[in-house]
Enquirer: 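My questions will all concern the structure given below.
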Amino acid sequence: MRITVQGEERECPGGTTAGEVLAAQASLAARVNGAVRDLSQVLAEGDAVEPVTFAEPAGREVYWHTSSHILAQAVKRLFPEARLGVGPAIEEGFYYDFDLPRPLEPQDLERISAEMGRIVGEALPLERREVTRGEAEERMAAGGESYKIELVRGLPEGEPISLYHQGEFVDLCAGPHLSDTGRVGAWKLLSVAGAYWRGDQRNAQLQRIYGVSFPTAQELAAHLERLEEARRRDHRRLGRELDLFSIQDEAGAGLVLWHPRGAQVREIIEDFWRREHRRRGYQLVFSPHIGREQLWRTSGHLSWYRENMYAGLEVEGQHYLVKPMNCPYHILMYRSATRSYRELPLRWGELGTVYRYERSGVLHGLLRVRGFTQDDAHIFCREDQLEDEIVGVLDLARYMLASFGFTDYEIVLAVRDPGNKEKYVGSDAGWDAAEKALVRALERAGLPFVRAEGEAKFYAPALDITLKDALGRGWQGPTIQVDFNLPERFDLSYVGPDGREHRPFMIHRTVLGSMERFLGSLIEHYAGAFPLWLAPLQVRVLPVAERHAAYARQVREALGAAGLRAEVDERDEKLGWRIRHAQLEKIPYMLVVGDREAAEGRVAVRHREQGDQGSWSLEELVGRLREEVAASGPRP
RNA sequence: GCCGGCGUAGCUCAGCGGCAGAGCGGCUGAUUUGUAAUCAGCGGGUCGCAGGUUCAAGUCCUGUCGCCGGCUCCA
């Protein structure tokens, strides 16, 4: 028969497998007519075959999936009474869920890992067997695999059901898989965590083992090094080391204390934010932290957001609640006067601090807190302005994020579930108009996006933008929602050219998300080494000996007068020691001043990354640093 | 909230039934320092908190608060 291997036609005998024609390649699996298959797949006349390697996501998925089976086999050998949950490949590795008679301890992972080594050594072939539903159920029942039985019963009719055998181990699995267990080179079991069966809190909690594997020990080591780098960049660690912020039991979980250094960075970002918003026709407002219960009843928060709200307090017989969002206040401001179509759009921004009850298990440094400041804004506009307003927000977001070195995004357009329209508020026409405006705005901005049906909140279609940082990790970035709920509930209107009342559209948007979360991601993105415009302390002046302190202070004054943030380290320690400390604090510039410098009115410049820059005059220093501040920051 | 792990000096951590420790940081003194750690000395702890077991509890048990890894959820 004739088949095509990597674009080349070839003649081969019937019964030839994909693995045989790809034998020369380091193939993990085969792509047969576009679908990833086992190497043992028997080819048919006219098939087109391509190798699948570890270099591509599909290859890693196969590799990690098989690794998870090896993990499961090892666990079954050590814990015969274990029942299997699911064990897929994930973005960076794999996991497998188990129902075990006792909690796993760290030493168990070592034992399991060692058993995996034996299984790999045995190079057990993985064999795919297609079975009937009854056979699959029977087989799983024989092993006492109650979770697997549930999975079999849930499989759609008509789909082939396959079991994969490797040695004494059998798993219900669609595949594909590596040809044998010996093909997994190096692996590491990383952690154990609880996970609900099928992700549902009401179900049993299983023990999930996470791991990762690679063809070679070197690749595994490199991966573990990347994980280590992520740990080094952890904003919680850097926040303490650089004295940026703290979160303390005594103040309360999830409540951030901004120390002077962290507050300085935040102030720079907020100043930039305000300037940029004013430049783009926003007006800035303020609203209070608490409000009467009636307000939250009108807004609907008491019915759909209550579990995230704090109980509140009693004032002169009135019940007040702490705000979890700023929008109701902005709406009251809108409603405080009769609005004409001529005033629209109104763009109102606020760095508004809100409080939300988050369950204790989800709190995480600055990324998930209970009190945070949103860079919030609400745009009230007419339908014919909707698209331009969204384009404006996208442009603002893109500009602001680029200023912080974020240029990679993933955009999700969350829209209604078309099969379940009744669970959303607002009119069909409104949703259609909003979705059309969002899509057209994205197209005009030239931004690719993914449409996610059923992901919209009940009151609004939305754009959710995820940022990629220096390590390629994703962070929640801007969100834009077209709200159909609040204008309705507060009966907002404007008077149109026809003299009649019309309902305005309301866009709810945030660019940075919250100051807390954004700063957290920024710290990790820059690994704590902020560019000059953001660095809380830009310069540290280091007098060589005590007699140079006066000159050092003079230098600091000159820098301060030029708008630069500088400090003198007058501690009675050797220069090398003070340089070391400045380096660890990631201060961009160190200025060494001794006899030579004091005599000539110059400074010896050391940069935190580039090292010794030689001797500069004071004017040169101020000029160059100001230039760098401007160049490293946003450009209007 | 749930599962597991962990709370010992400001920080990083050792000690795991028998007199609370180390390094770094801090303070004092000496030193007057030239590009990533000068030397010496001194402080510093209800061993997260509350109960319990024991002659004796950082150490074992229970509860609680907090942190970490996940699950679920979100800016």
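In the text below, chain A, chain B and the rest are named by the order of the sequence lines, each starting its count at 1. Keep in mind it's a predicted model, so treat the numbers as computed, not measured.
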Enquirer: Is the shortest side-chain N/O distance from A:Lys457 to OP1 or OP2 of B:A75 below 4.0 Å?
Expert: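 Yes.
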Enquirer: Check ring-ring contact (aromatic ring centres under 6.0 Å, His included) between A:Phe79 and all other residues, then give those that pass, not counting sequence neighbours.
Expert: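 Partners of A:Phe79 by the ring-ring contact (aromatic ring centres under 6.0 Å, His included) criterion come out as none, since no residue qualifies.
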Enquirer: Distance between the C1' atoms of B:C55 and B:C60, in whole angstroms?
Expert: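 The same atom, C1', in both gives a distance of 16 Å.
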Enquirer: Mind calculating the distance between CZ (A:Arg356) and C1' (B:A75) to the nearest angstrom?
Expert: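 So the two atoms are 6 Å apart, to the nearest Å.
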Enquirer: With A:His289, which residues qualify under ring-ring contact (aromatic ring centres under 6.0 Å, His included), at least two apart?
Expert: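 A:His289 satisfies ring-ring contact (aromatic ring centres under 6.0 Å, His included) with no residue once adjacent residues are dropped.
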Enquirer: Between A:Leu206 and A:Asp464, which is nearer to the 5' end of RNA chain B once each is assigned its nearest nucleotide?
Expert: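 Closer to the 5' end of RNA chain B: A:Leu206.
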Enquirer: Over how many whole Å does the gap from A:Leu591 atom CG to B:G34 atom P extend?
Expert: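 Whole-Å distance recorded here is 18 Å.
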Enquirer: Write down the distance separating the C1' atoms in B:G7 and B:U59, rounded off to the nearest Å.
Expert: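 Going atom to atom, C1' in each nucleotide, I get 14 Å.
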Enquirer: Please determine whether a side-chain nitrogen or oxygen atom of A:Arg571 lies at a distance below 4.0 Å from atom OP1 or OP2 of B:G26.
Expert: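 The answer is yes; a side-chain N or O of A:Arg571 sits under 4.0 Å from OP1 or OP2.
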Enquirer: With rounding to whole Å, what would you report as the distance between B:U54 and B:A22 at their C1' atoms?
Expert: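 About 30 Å, rounded to a whole number of Å.
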Enquirer: Could you walk me through whether A:Glu276 and A:Leu396 pass the side-chain contact (heavy atoms from CB on, under 4.5 Å) test, one step at a time?
Expert: CA-CA 8 Å; A:Glu276 199 50 37; A:Leu396 168 63; 3.7 Å; yes
Enquirer: Quick test: give all pairs of protein nitrogen or oxygen and nucleotides 65-68 of chain B nitrogen or oxygen below 3.5 Å, distance rounded to 0.1 Å.
Expert:
residue : atom : partner  : partner atom : Å
B:G66   : O2'  : A:Asp249 : OD1          : 2.7
B:C68   : OP1  : A:Arg236 : NH1          : 2.9
B:C68   : O3'  : A:Arg236 : NH1          : 3.4

Enquirer: Looking only at atom P, what distance separates B:A57 and B:A50, rounded to whole Å?
Expert: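 The same atom, P, in both gives a distance of 15 Å.
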Enquirer: With rounding to whole Å, what would you report as the distance between B:G69 and B:G18 at their C1' atoms?
Expert: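 Approximately 36 Å lies between the C1' atom of B:G69 and that of B:G18.
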Enquirer: Of all the choices, B:A75, B:G70, B:G34, which nucleotide is nearest to the side chain of A:Ala193 once you look at every atom?
Expert: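 Out of B:A75, B:G70, B:G34, the nucleotide with an atom closest to A:Ala193's side chain is B:G70.
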Enquirer: Could you let me know what B:G18 is paired to, Watson-Crick or G-U wobble, both distances under 3.5 Å, or none if it's on its own?
Expert: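 Pair assignment: B:G18 / B:C55.
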Enquirer: Taking only residues two or more places apart in sequence, or in another chain, which ones meet A:Asp469 in a side chain to side chain contact (heavy atoms under 4.5 Å, CB included)?
Expert: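 By the side chain to side chain contact (heavy atoms under 4.5 Å, CB included) rule, A:Asp469 matches A:Phe406, A:Leu471, A:Arg473, A:Trp475, A:His525.
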Enquirer: Does A:Arg359 contact B:C74 through a side-chain donor or acceptor facing the base, at a distance under 3.5 Å?
Expert: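 Flag unset: no donor-acceptor pair detected.
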Enquirer: Any protein N or O atoms within reach of nucleotides 38-45 of chain B? Criterion: under 3.5 Å, listing atom names and distances.
Expert:
residue : atom : partner  : partner atom : Å
B:U38   : O4   : A:Glu573 : OE1          : 3.4

Enquirer: Has A:Phe372 got its ring stacked on the base of B:A75, with centres under 5.5 Å and planes less than 30° apart?
Expert: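 Stacked: centres under 5.5 Å apart, planes under 30°.
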Enquirer: For a quick check, tell me whether the side chain of A:Glu597 and the base of B:G34 share a donor-acceptor pair closer than 3.5 Å.
Expert: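 Result: at least one qualifying N/O pair found.
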Enquirer: Name all residues meeting the ring-ring contact (aromatic ring centres under 6.0 Å, His included) criterion together with A:Tyr526; count only those two or more places apart in sequence or in a different chain, and write none if there are none.
Expert: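 Once residues adjacent in sequence are excluded, A:Tyr526 has no partner under the ring-ring contact (aromatic ring centres under 6.0 Å, His included) criterion.
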Enquirer: Say you pick atom P in B:G45 and the same atom in B:C6; how far apart are they, in whole Å?
Expert: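 The same atom, P, in both gives a distance of 27 Å.
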Enquirer: Picking from B:C74, B:U32, B:A36, which would you name as closest to the side chain of A:Leu584?
Expert: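 For A:Leu584, the side-chain atoms sit closest to B:A36.
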Enquirer: Using both distances under 3.5 Å as the test, list the Watson-Crick or G-U wobble partner of B:U62, or none.
Expert: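 The answer is B:A50, by the H-bond criterion.
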Enquirer: Searching all strands shown, indicate the nucleotide that pairs with B:A40 (Watson-Crick or G-U wobble; both distances under 3.5 Å).
Expert: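 Here B:A40 is engaged in a pair, and the nucleotide opposite it is B:U28.
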Enquirer: For the C1' atoms, the ones on B:A14 and on B:C47, what distance do you get once it is rounded to whole angstrom?
Expert: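 About 13 Å, rounded to a whole number of Å.
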Enquirer: What integer distance in Å separates A:Arg240:CZ from B:U12:C1'?
Expert: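 After rounding, the gap between these two atoms is 9 Å.
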Enquirer: Ion pair present between A:Glu270 and A:Arg266, side-chain N to carboxylate O less than 4.0 angstrom?
Expert: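 Looking at A:Glu270 and A:Arg266, the cut-off is met.
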Enquirer: Quantified in whole Å, what is the P atom distance between nucleotide B:G58 and nucleotide B:C19?
Expert: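 Approximately 10 Å lies between the P atom of B:G58 and that of B:C19.
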Enquirer: Closer than 4.0 Å, any side-chain N/O of A:Arg509 to the OP1 or OP2 of B:A75?
Expert: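 Result: no.
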Enquirer: Is the phosphate of B:G4, meaning OP1 or OP2, less than 4.0 Å from a side-chain N or O of A:Arg208?
Expert: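 The answer is no; no side-chain N or O of A:Arg208 sits under 4.0 Å from OP1 or OP2.
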Enquirer: Using 0.5 Å steps for rounding, measure from the CG atom of A:Leu542 to the CG atom of A:Asp569.
Expert: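 Taking CG in A:Leu542 and CG in A:Asp569, the distance rounds to 6.0 Å.
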Enquirer: How long is the gap from CD1 on A:Ile480 to CD1 on A:Ile507, to the nearest 0.5 Å?
Expert: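 The distance works out to 8.0 Å.
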Enquirer: Could you let me know what B:C71 is paired to, Watson-Crick or G-U wobble, both distances under 3.5 Å, or none if it's on its own?
Expert: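 When the pairing criteria are applied, B:G1 turns out to be the nucleotide that pairs with B:C71.
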Enquirer: If I take atom CZ in residue A:Arg368 and atom C1' in nucleotide B:C71, what distance separates them, rounded to the nearest angstrom?
Expert: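 These atoms are roughly 12 Å apart.
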Enquirer: Can you find an N or O donor on one side and an acceptor on the other, under 3.5 Å apart, linking the side chain of A:Tyr196 with the base of B:C2?
Expert: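 Yes, the side chain and the base share a sub-3.5 Å donor-acceptor pair.
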